[in-house]
K.L.:
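Here's a structure for you.
Residue numbers begin at 1 in each chain, while the letters A, B, ... track the order of the sequences.
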Amino acid sequence: MVHGLVNKVGIEKDRLVNNGLIAMYCKFQDVANARRVFNTMVDRGVVSWNTLIDGLFQSGALAEAFEMFQEMLRTLRPDIVTVTIALRASCQMKDTRRGRSIHGYLVRNGHECDAIVDNMLIHLYSNCGNLKACRRVFDQLANQGPASWNTLLIANFRRGCFGEGIRLFGLMRRSLIEPDSVTVVTLISACTQLADRAQGRLLHGYAIKTGVVRNNFVGNALIDMYSKCGGLEDALREFEEMDKRDVVSWNSAISGCFVGGNFSQGLEIFRRMNAEGVPPDTTTMLTVLPACSFLAAKRLGKSVHSSILRTTTELDLPVGNALIEMYSKCGSLGHSVRVFDSMRTKDVVTWTALVSAYGMHGLGKQALKAFMDMEVAGIPPDHVTFVAVIYACSHSGLVEEGFSLFNRMEKDYKTTPKIEHYACAVDLLSRSGKLPEAESFILGMPLEPDVGIWGALLSSCRNNNETKIAERAAKRIMGLRSDNTGYYVLVSNLYASAGKWNLVGDIRGSIKSRGLRKDPGYSWIEVGRRMRVFGAGHSVEGSREAYQFLEKLTVLMEEEGYVPDRKLVLHDVEEDEKRQALCGHSERLAIAFGLLNTKTGTSLQVMKNLRVCGDCHTAIKYISKITQRELLVRDANRFHLFKDGACSCGDRW
DNA sequence: CTAGGCAAAC
């Protein structure tokens, strides 16, 4: 309308008016009209060129923009604004070549000194990791301000040169330049990376003394530093003391809780954030959704999903990917597929999430189909995709299909198998009972087998009563002296079932003497909008009733033919574990609790942090038959759907 | 009438 008015009034030849029109169209990303105005102009000035070139950059027409820039150089002398625009674009594209040539142009043409341009130059060389060039530019500056020092420090820290960074900070203090809030933030984040809480605390004191604590960047960096250096309490104190929390403060506090495993605390802060009306951003979603996945908190995940739908028009790619994973880990494969179908752009992560979703739910054929569809869609699989698809085959007994994929990784996909892929292959063979094949495969593999490899073999031996191979695997595991106690438990269970109690004792002693602790097993279930946790160290009201109910149930199960496998129950590594054995493994307690506290016929969903043991797997099959309930159990690897006495995993648990 | 630096969360 205004553009039309310009013509009507007869000022369409005015340079300033036309510059204004170009700027306006650029702001609306309407490059075509901006160009049209530019082309009709008879007396273009530097501003006209600058405005259009920047508009092209901002709308992503990079090649066109640089072309225009070259044309401008042939037409008239650029000013410092032109230089800034071109330099920023080169920085963003990490195009050092172009940046260098602009740098050279600046030197040759003797442009006025400009602190911001100087800083962009340091940043340019920092981007390509050229610390020497950074230092050279810095040393030649007419005046080194705080920002130049900061950029130089950051360049060093980003390259991991902490010693040099700290040395430079020493030089900065001896110069007359006072550190500012950016300096403090930079140093705090270096402490975070170095996990140096003591140094971070000193900087906290310094920030208070100089008053920069009130800067949100500083406060947020402190939250991050404390929570990642094992000081969640300090982190949350800082969070509570801030007077104007922004979305990053909230996100930092929430993720700070999650990294240490404090899920309920983190979710409580997320609830407060919503209650206070702070709009969550993409980062909030990418922090909360994985926590929902871990906890299988479907209700919360769904509410996050609906708030995403309410606030955004198009689903962000990483958020969509996180939603697929969330739904599959919450047991809602259907929702995963629906989110997948709704996504307009899909990347390798999207497809891998789908493959892994099918795999977790025991649908190997569907996982393979997704893998092939991915190829048709022109998205090449990566390392993670192969883990997902081979695991999917492994859990569905598709040995040949899985193995042929493993063999084709190198040949057809130019992806060199890593140790985790060899572990998948071992799992594939041994899970279907091909134990001698699995063992010779390990002995012939080109990489040094690690505990994961031998562990995959050993855990399958136990299911197949294959003691000879099991003992060899056990010896290897003990020889590798891993810090992961899960493997020692496997070995200990093997010796216990063979009655070799002295060896069991040895393992227990070695775990203790090395200061390791066994991961306690626990299970959880959501009943009546509340999560209940069962297992050592968790006492829940109602667990006594659950235990009593379980006893009655066991009688019925035995009438149906259930024979408890005492071997598997009674010889665990720690005392609390024995107690747990006596009152039933945590997943059984959680199921019993769910049965008691829900209406007849409703299906239950139970989560466990470790793998379900063989005896529980058998027991739950009986429970599903006797009570005529569908029991969906998520263990560390996958879902088991127990229904009328059978499990969806086909006993490849 | 045009442009711009260094810093925190996934």
K.L.:
Closest to the A/N220 side chain: B/dA9, B/dA7, B/dA8?
P.N.:
B/dA8

K.L.:
Go through B/dA8, B/dA3, B/dC10 for me and flag the one nearest to the A/I85 side chain.
P.N.:
B/dA3

K.L.:
Which nucleotide in the set B/dC6, B/dC1, B/dA3 lies at the smallest distance from any side-chain heavy atom of A/D54?
P.N.:
B/dA3

K.L.:
Expressed in angstrom and rounded to an integer, what is the separation of A/I53 atom CD1 from B/dA3 atom P?
P.N.:
13 Å

K.L.:
Taking any heavy-atom pair under 4.0 Å as a contact, classify A/D246: base, sugar-phosphate, or nothing.
P.N.:
base

K.L.:
Output all residues satisfying side-chain hydrogen bond (donor to acceptor under 3.5 Å, both in side chains) with A/D635, sequence neighbours left out; order by chain, then residue number.
P.N.:
A/H640

K.L.:
Is the closest side-chain heavy-atom distance between A/D234 and A/R201 below 4.5 Å?
P.N.:
yes

K.L.:
Starting from C1' on B/dA7, measure out to CG on A/L152 and report it in whole angstrom.
P.N.:
15 Å

K.L.:
Taking only side-chain nitrogens and oxygens of A/K27, does any of them come within less than 4.0 Å of OP1 or OP2 of B/dA3?
P.N.:
yes

K.L.:
Counting side-chain heavy atoms from C-beta on, which of B/dA3, B/dC10, B/dC1 comes nearest to A/N19?
P.N.:
B/dC1

K.L.:
Is the closest side-chain heavy-atom distance between A/I379 and A/D347 below 4.5 Å?
P.N.:
no

K.L.:
Do A/D114 side-chain and B/dG4 base share a donor-acceptor contact under 3.5 Å?
P.N.:
yes

K.L.:
With respect to the side chain of A/S181, which nucleotide from B/dC1, B/dA7, B/dA8 is positioned closest?
P.N.:
B/dA7

K.L.:
A/T51 near the nucleic acid: base, sugar-phosphate alone, or nothing, with a heavy-atom cut-off under 4.0 Å?
P.N.:
sugar-phosphate

K.L.:
Looking only at side-chain atoms of A/R88, point me to the closest of B/dA7, B/dC6, B/dG5.
P.N.:
B/dG5

K.L.:
Nearest to the side chain of A/V81 - B/dA7, B/dT2, B/dG4?
P.N.:
B/dT2

K.L.:
Can you check the A/L289 CG to B/dA9 P distance for me, whole Å?
P.N.:
19 Å

K.L.:
Looking only at side-chain N and O atoms, does A/R271 offer a donor or acceptor that is under 3.5 Å from a partner on A/N274?
P.N.:
no

K.L.:
When the distance from CD1 of A/I80 to C1' of B/dG5 is rounded to whole Å, what number comes out?
P.N.:
13 Å

K.L.:
Looking across every strand, which nucleic acid part, if any, lies under 4.0 Å from A/N18 by heavy atom: base, sugar-phosphate, or nothing?
P.N.:
nothing

K.L.:
Could you check how far CZ of A/F294 sits from P of B/dC10, rounded to whole Å?
P.N.:
18 Å

K.L.:
Applying a 4.0 Å non-hydrogen cut-off, can you work out what A/R158 is touching in the nucleic acid: base, sugar-phosphate, or nothing?
P.N.:
sugar-phosphate

K.L.:
Output yes if the stacking criterion (under 5.5 Å between centres, under 30° between planes) is met for A/F217 over the base of B/dA8, else no.
P.N.:
no

K.L.:
To the nearest angstrom, how far is A/E178 atom CD from B/dC6 atom P?
P.N.:
22 Å

K.L.:
So what does A/S252 hit on the nucleic acid, given a heavy-atom distance under 4.0 Å: a base, only sugar-phosphate, or nothing?
P.N.:
sugar-phosphate

K.L.:
Can you measure A/H204 atom NE2 to B/dA8 atom P for me and round it to whole angstrom units?
P.N.:
18 Å

K.L.:
Would you mind telling me which of B/dA9, B/dC10, B/dA7 lies closest to the side-chain atoms of A/L286?
P.N.:
B/dC10

K.L.:
Can a donor-acceptor pair be found between the side chains of A/N19 and A/S48 at a distance below 3.5 Å?
P.N.:
yes

K.L.:
Could you tell me whether the side chain of A/S336 and the main chain of A/I324 form a donor-acceptor pair under 3.5 Å?
P.N.:
yes

K.L.:
By nearest atom, which of the nucleotides B/dC6, B/dG4, B/dA9 is closest to the A/T283 side chain?
P.N.:
B/dA9

